[in-house]
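Heads up, the thing below is written out as structure tokens.
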Protein chains: 2
Amino acid sequence: MNVLEQISLNLNKLSRSERKVADAILLSPKSAIHSSIATLAKLADVSEPTVNRFCRRMDTKGFPDFKLHLAQSLANGTPYLNRHVEESDSVDDYTTKIYEATMASLDRSRQMVDTVTINKAVDILTQAKKISFFGQGASASVAQDALNKFFRFNVPVQSFEDTLMQRMACINSTDGDVVILISHTGRTKTLVDLAMLAKENDATVIGITATDSPLAEECNLVISSEIPEDTDLYMPMVSRIGQLVIVDVLATGFTLRRGTKFRDNLQKVKQGIKESRYNKLI
Amino acid sequence: MNVLEQISLNLNKLSRSERKVADAILLSPKSAIHSSIATLAKLADVSEPTVNRFCRRMDTKGFPDFKLHLAQSLANGTPYLNRHVEESDSVDDYTTKIYEATMASLDRSRQMVDTVTINKAVDILTQAKKISFFGQGASASVAQDALNKFFRFNVPVQSFEDTLMQRMACINSTDGDVVILISHTGRTKTLVDLAMLAKENDATVIGITATDSPLAEECNLVISSEIPEDTDLYMPMVSRIGQLVIVDVLATGFTLRRGTKFRDNLQKVKQGIKESRYNKLI
DNA sequence: TATTGGATGTAAATAAATTACAGATAAAAT
DNA sequence: ATTTTATCTGTAATTTATTTACATCCAATA
């Protein structure tokens, strides 16, 4: 769909001259959409038909059509490219890159997300006797966030950071209880253990994790959070945010399913919080 | 900037024939970007130069340029509209809406974010003797996430959820310590108290919060997280994610400032985590 | 009703993109 | 190492699309 991604993805499959065209476009996509095929050909130091062939190879009808696609790609938050933070980046540079990387990956996971699975998960959650959220490391804060959200719904919900507490909670779970396990990689040993424990005790296990991972194998339902993590900086960044949005979606589905009366309760909770706040002056 | 808006805005200022062109385009903008000037002229039942003149009147260079602008408008036109979740929404509907609302607000906060302030914050953080992150409710998980991130940097860092612990930590802070307080509204009483306590003890207080809030007034530096929260569902959703991205930016700035040797350490931490994981089979 | 100014279309000119083809290059096979 | 083959690339011709110049028309005003 996105032409810029398409280009960078197929970069190595291109011939020498076509590669020149790709480079020229990636160097300055914004100016590319305002050039004619002749200008671009000269810029890339190739012939005009080469540019045309390049466009076709990118699954477009021709040069004008290609420009249209390019324009649309650029409109969506600008470059999806070159978003790796580099040593020499200025504050503006890395700030922009991080925001864009986050948005780009959200966009991708939106396209990937399986709403059928989401719906199933909401089904399970609405019928749960008790809901538990567990994660470790970076995913622990996602679990905590989920706790905060579902706690407002006035349903039995819990979350622990401590591994032993997590294990005990899973051992104590029974039929009708739901355990949600959050892990980007799906390879954290303690989490896989939790999944097995919970399953042994007839709890329903939902994983927000990578499909085809050891954790996924132990889950009754897997919500894929497959986001290609930018590991350049050795920190979980975008993956975590993808998980959070999934939690948001689940929580929203939950409230919608519960109906209007239920949502009045939500507002009551919010009113209750107000007491602990300074009021707005206006 | 947005051509579609531009058209509908100037609709009444157009001449009869040009109005026909506008109508034809508004009727089906998507097909318009794929038509030639001849096709569009026939569709609108006007001559080709009329279409061209129409394009010029819309502040574009000509027909091809107009199509480019139109394509861009279409690309990011939809998401900003009608993104409130409604009772009758299907799974697909609310999932898409939540993703789009999140991306849209990230896009907005990217444009709002003040990199000068970010830079100052990074300055302060790199020189901190000790860093503390505090938040309450939904922002507590953001604080926890920040802890997880900065803990990898091998710097003295702490975070507590408990109010009393938070107070004690602030009372024990001294000159050179940095306290980061996270609150979407900036009106949580206990957090404002924390800011005052920390300041009394000569710690530097950074707020990730709303400008012009009581909390902001007590901070040495305020990183604005002004995201218009969609309060329809009485849950903090997008605000939290905006805060997380700000944490990401700060963490990135921190590592960049610390240089390469420092980043090797990060990789070591990541290697250390690996032991607790199932390895990938490939 | 004549006149003026803008709006519109026709036809010509220009510009752009595409196709067809031929030469060049690189890889594979003898 | 040389020939063959397939693929790549550029030139030139063709087609298509866009723009300009100009003539005509229509509506408004005097």
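Since we're looking at a predicted model, the values are computed, not measured. Proteins come first, then strands; the chains are lettered A, B, ... in the order of their sequence lines, and each starts at number 1.
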Practice problem: Could I get the full list of ring pair (Phe, Tyr, Trp, His ring centres under 6.0 Å) partners for A:F66, not counting sequence neighbours? | Solution: A:F54
Quiz item: Roughly, in whole Å, what's the span from NE2 in A:H34 to C1' in C:dA16?
Solution: 17 Å
Quiz item: Roughly how many Å is it from CZ in B:F54 to C1' in C:dA7, rounded to a whole number?
Solution: 16 Å
Practice problem: Would you please name every residue forming a side chain to side chain donor-acceptor pair (under 3.5 Å) with A:T60, sequence neighbours left out? | Solution: none
Practice problem: Go through the structure and list residues passing salt bridge (Lys or Arg N to Asp or Glu O under 4.0 Å) with B:R53, not counting sequence neighbours. | Solution: none
Quiz item: Touch check for B:R56, heavy atoms < 4.0 angstrom, all strands: base, sugar-phosphate only, or nothing?
Solution: sugar-phosphate
Quiz item: Under a 4.0 Å N-O cut-off, is there an ion pair linking A:K97 with A:D93?
Solution: no
Quiz item: In residues 60-67 of chain B, which ones come under 4.0 Å of DNA chain D, going by heavy atoms?
Solution: B:G62, B:F63, B:P64
Exercise. With sequence neighbours left out, write down each residue that passes salt bridge (Lys or Arg N to Asp or Glu O under 4.0 Å) with A:E48, or none if nothing qualifies.
Key: none
Exercise. Could you list all the ring-ring contact (aromatic ring centres under 6.0 Å, His included) pairs where at least one residue sits in residues 11-30 of chain B, not counting sequence neighbours?
Key: none
Self-check item: Pairing residues for A:D123 by the salt bridge (Lys or Arg N to Asp or Glu O under 4.0 Å) criterion, not counting sequence neighbours
Solution: A:R257
Practice problem: If a pair satisfies ring-ring contact (aromatic ring centres under 6.0 Å, His included) and one of its residues is in residues 6-53 of chain B, list it, with sequence neighbours excluded. | Solution: none
All N/O contacts under 3.5 Å from nucleotides 22-25 of chain C to the protein, with atom names and distances to one decimal?
none

Quiz item: Where does the chain B footprint on DNA chain D start and end, counting 5' to 3' with a 4.0 Å heavy-atom cut-off?
Solution: D:dT18 to D:dT20
Self-check item: Contacting residues from residues 44-52 of chain B, given that a heavy atom lies under 4.0 angstrom of DNA chain C
Solution: B:V46, B:S47, B:P49, B:T50
Quiz item: Can you check the B:E18 CD to C:dT8 C1' distance for me, whole Å?
Solution: 10 Å
Exercise. Nearest whole angstrom, please: distance from the P of C:dA17 to the CG of A:L68.
Key: 12 Å
Self-check item: Presence of donor-acceptor pair under 3.5 Å, side chain of B:R53 and base of C:dG6
Solution: no
Practice problem: Only counting residues at least two apart or in another chain, list the ones meeting salt bridge (Lys or Arg N to Asp or Glu O under 4.0 Å) with B:R56. | Solution: none
